[in-house]
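Presented below is the structure to which this report refers.
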Amino acid sequence: MMAFLIDLLVLTVKSPSAAAQRIAAMNLSREDGWSALALGAILNTFLYYLNLALFPVPPDFPIPVIQGPFIFLTLALSFNVILVFGLFWCGKIVGGTGQLTTLVSVIAWLMLALVAGDILSVLLLFLMPLFSSLISLGIKLYAIWVLLNFIKVAHGLPSIGASVFTLALTVVGMIMGMSVFLSFMGVTAIGIN
């Protein structure tokens, strides 16, 4: 099993479209896809707090840090579930013919592959902190390219341009949805009313 995962990880880096086709050909069940997505969120949460434990954030750090693992896990899971459904429906608008189970499977695999990248970044923090930051940034940027290829294959879209449009529609929809949700909760640009 480990050899298969390593092979799939290497294929994801070398040829994201081929990796997505292999994942789609596996015909994972809906439960397997969602379980893998949840596992990715749990591992991501673990790595986030391991990173905070190994390298504490200074108190005057300008970006707020989520203190509770349960809150971080809930946010990570919620974001990924919304992302999957957003990509699914926006892909349909663009003309995609993909199935939700395929999209869940490829997004779950991308999350797990990113966990492997995060583990590499944490290990490199001990050896070369600056190099680790550059590698981490490179992994995140490359993950966008992988995501676009995964969307293309999962939806059967004709081009990467259609994937870009699908992702852009999803992001706009998520921002608008979050704005409406936060306004109902009473949160404004300045704080809470």
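Shortest non-hydrogen contact noted between Phe150 and Ala19 is CE1-CB, 4.3 Å. Residues Ser105 and Ile23 come closest through the heavy atom pair CB-CG2, 3.8 Å.
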Q. Does the side chain to side chain contact (heavy atoms under 4.5 Å, CB included) test come out yes or no for Val104 and Arg30, once each step is laid out?
A. CA-CA 8 Å; Val104 171; Arg30 180 176 46 206; over 6 Å; no
Q. Would Asp118 and Asn51 count as a side chain to side chain contact (heavy atoms under 4.5 Å, CB included) if you check the C-alpha gap in whole Å, the side-chain angles of each, and the deciding distance to 0.1 Å?
A. CA-CA 10 Å; Asp118 289 342; Asn51 202 4; over 6 Å; no
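Under the rule for a side-chain contact (heavy atoms from CB on, under 4.5 Å), Leu134 has no partner lying at least two apart in sequence or in another chain.
A donor-acceptor pair is defined here as one N or O able to donate and one able to accept, closer than 3.5 Å; no such pair exists between the side chain of Asn44 and the backbone of Gly40. Between the side chain of His155 and the backbone N or O of Leu87 there is at least one donor-acceptor pair closer than 3.5 Å. In terms of modelled atom types and a separation under 3.5 Å, the side chain of Ser15 and the main chain of Leu11 share no donor-acceptor contact. Under a 3.5 Å cut-off, the side chain of Ser163 and the backbone N or O of Lys152 do form a donor-acceptor pair. Side-chain N or O atoms of Ser132 include one that pairs as donor or acceptor with a backbone N or O of Ser121 at under 3.5 Å.
With values rounded to the nearest 0.5 angstrom, Thr170 atom OG1 is found 11.0 Å from Ile175 atom CD1.
Classified by interplanar angle (parallel below 30°, tilted 30° to 60°, perpendicular above 60°), the ring pair Tyr49/Phe72 is perpendicular.
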